[in-house]
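What follows is a single structure, written as structure tokens, with notes after it.
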Amino acid sequence: MPSALITGATSGIGLHFARRLAEDGYDLVLVARTRDRLQETAQALHLEHPVQCEVLRADLGRLADCRRVERRLIVRPVDLLVNNAGLGLYDGDFAEHDLEAEDHLLMVNVRAVLRLTHAALGSMLERGEGAIINVSSMASFAPDPNAPTYAASKAWVTSFTEGLRAQVGGSGVRVLALTPGLVPTQFQERAGVDARVPSPFWLDPDEVVDTALADLRAGRGISVPGMAYRAIRVAMQFTPRRGYLPLSDTLQKRLT
Ligand SMILES: NC(=O)c1ccc[n+]([C@@H]2O[C@H](COP(=O)([O-])OP(=O)(O)OC[C@H]3O[C@@H](n4cnc5c(N)ncnc54)[C@H](OP(=O)(O)O)[C@@H]3O)[C@@H](O)[C@H]2O)c1
């Protein structure tokens, strides 16, 4: 049976990855902070599908916890790693934010992705097979005055993933950056996002996961789910860098 480790597997996009991979017959290792939700998720998946579901409680913002997950990946390698856990900070200005919250964001969104990718990659390269999906964001394609640290953290994820994919090309290991736009999850409430955005911009989480897995199979390096967001991505590629911020500001004002 193939196996996958998913971070942030108890809610939102990570939970949809867990359900879809369980349907596809993957044994799962589920990582998140909240023990009850981990156990409920594992039990529900195991009842619905004949797969093993291991839970690993870890706060990926804490180095010691992150190292425990790394050890799991090194000692018992998996076929697929989904680096999905992440958070945003949209509520208020950078200067007024608690510095520890900003630092925590970077540790989860960046350092954990770096460390878990490193832990999983060695054995994948030795075997000449395996896959890593790093969940980034549309926010990775441009600076965001409403969430500068979040956008910068996701820019790192996309750039890192693209560079790594080029480096391991031909090894048999596939690496993908998933860059969704808005998906209705707990992310918005936790991040303080104003969610009054028209419905065409909301993505179905199942579509996000299906698109990512199809793009991974097709050997693509970046997955942009949804027609609207693919069009926005193309438009962004033709917009000069200095045009991003006024454009993003105008769009935000029109949408909210
Ligand atoms: N939703 C969107 O609109 C959207 C758009 C673009 C990209 N994304 C990205 O998609 C990913 C998943 O977000 P989501 O929308 O599914 O969010 P979500 O519904 O808030 O789920 C986050 C998951 O991550 C876990 N988690 C949070 N902090 C953690 C930590 N420090 N250590 C370990 N696990 C942690 C949560 O469980 P616990 O709280 O129990 O730990 C939960 O399982 C994130 O990387 C996010 O940046 C989301």
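Start at 1 and go down the list; that is how both ligands and their atoms are numbered. Predicted, not measured: the structure shown is a model, and the values here were computed from it.
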Look only at interatomic distance and state if [X] has a nitrogen or oxygen under 3.5 Å from any nitrogen or oxygen of ligand 1.
{"X": "Pro180", "answer": "no"}
{"X": "Val183", "answer": "yes"}
{"X": "Gly8", "answer": "yes"}
{"X": "Ile13", "answer": "yes"}

If we only count heavy atoms from C-beta on, is the [X] to [Y] side-chain gap below 4.5 Å?
{"X": "Leu176", "Y": "Asn134", "result": "no"}
{"X": "Leu116", "Y": "Cys66", "result": "yes"}
{"X": "Arg20", "Y": "Glu23", "result": "yes"}
{"X": "Arg111", "Y": "Leu63", "result": "yes"}
{"X": "Leu5", "Y": "Val82", "result": "no"}

Considering [options] one by one, which has a heavy atom nearer to [atom] than any of the others?
{"atom": "atom 4 (C) of ligand 1", "options": "Gly181, Ser137, Ala9", "value": "Gly181"}
{"atom": "atom 36 (C) of ligand 1", "options": "Arg35, Glu189, Arg190", "value": "Arg190"}
{"atom": "atom 13 (O) of ligand 1", "options": "Phe187, Tyr150, Phe17", "value": "Phe187"}
{"atom": "atom 39 (O) of ligand 1", "options": "Gln188, Gln186, Arg33, His16", "value": "Arg33"}
{"atom": "atom 44 (C) of ligand 1", "options": "Val108, Asn84, Val135", "value": "Asn84"}

Distance from Asp215 atom CG to Arg220 atom CZ, nearest 0.5 Å?
-> 4.5 Å
Would Lys154 count as a contact of ligand 1 if the rule is a heavy atom under 4.0 Å away?
-> yes
Are any of the heavy atoms in Ala112 under 4.0 Å away from ligand 1?
-> no
Would one find more than 12 heavy atoms of other residues, nucleotides or ligands at under 6.0 Å from atom CZ of Arg76?
-> no
Decide if atom CD of Gln237 counts as having more than 12 heavy atoms of other residues, nucleotides or ligands within a radius under 6.0 Å.
-> yes
Against heavy atoms of [X], which atoms of ligand 1 measure under 4.0 Å?
{"X": "Ala58", "answer": "32 (N), 33 (C)"}
{"X": "Thr10", "answer": "37 (O), 42 (C), 43 (O)"}
{"X": "Leu182", "answer": "3 (O)"}
{"X": "Gly12", "answer": "16 (O), 19 (O)"}
{"X": "Asp59", "answer": "30 (C), 31 (N), 32 (N)"}
{"X": "Gly86", "answer": "44 (C), 45 (O)"}
{"X": "Thr34", "answer": "38 (P), 40 (O)"}
{"X": "His104", "answer": "31 (N)"}

Ligand 1 versus Arg37, non-hydrogen atoms closer than 4.0 Å: side chain, backbone, both, neither?
-> side chain
Answer with yes or no after comparing the ring centroid distance for Phe17 and Tyr26 against a 6.0 Å cut-off, counting only values under it.
-> no
With the threshold set at 4.0 Å, does a side-chain nitrogen-carboxylate oxygen contact exist between [X] and [Y]?
{"X": "Asp65", "Y": "Arg68", "answer": "yes"}
{"X": "Asp206", "Y": "Arg19", "answer": "no"}
{"X": "Glu40", "Y": "Arg35", "answer": "no"}

Assess whether salt bridge (charged side-chain N to carboxylate O under 4.0 Å, His left out) is satisfied between Arg174 and Glu129, documenting all intermediate values.
-> CA-CA 8 Å; Arg174 287 163 298 153; Glu129 61 181 14; over 6 Å; no
Identify the protein heavy atom lying closest to [atom], giving its residue, its atom name and the separation to 0.1 Å.
{"atom": "atom 15 (O) of ligand 1", "result": "Thr185 OG1, 2.5 Å"}
{"atom": "atom 19 (O) of ligand 1", "result": "Ser11 OG, 2.6 Å"}
{"atom": "atom 32 (N) of ligand 1", "result": "Leu60 N, 2.9 Å"}
{"atom": "atom 7 (C) of ligand 1", "result": "Ser136 O, 3.2 Å"}

Keeping the roles fixed (side chain from Arg57, backbone from Arg33), state whether a donor-acceptor pair exists under 3.5 Å.
-> yes
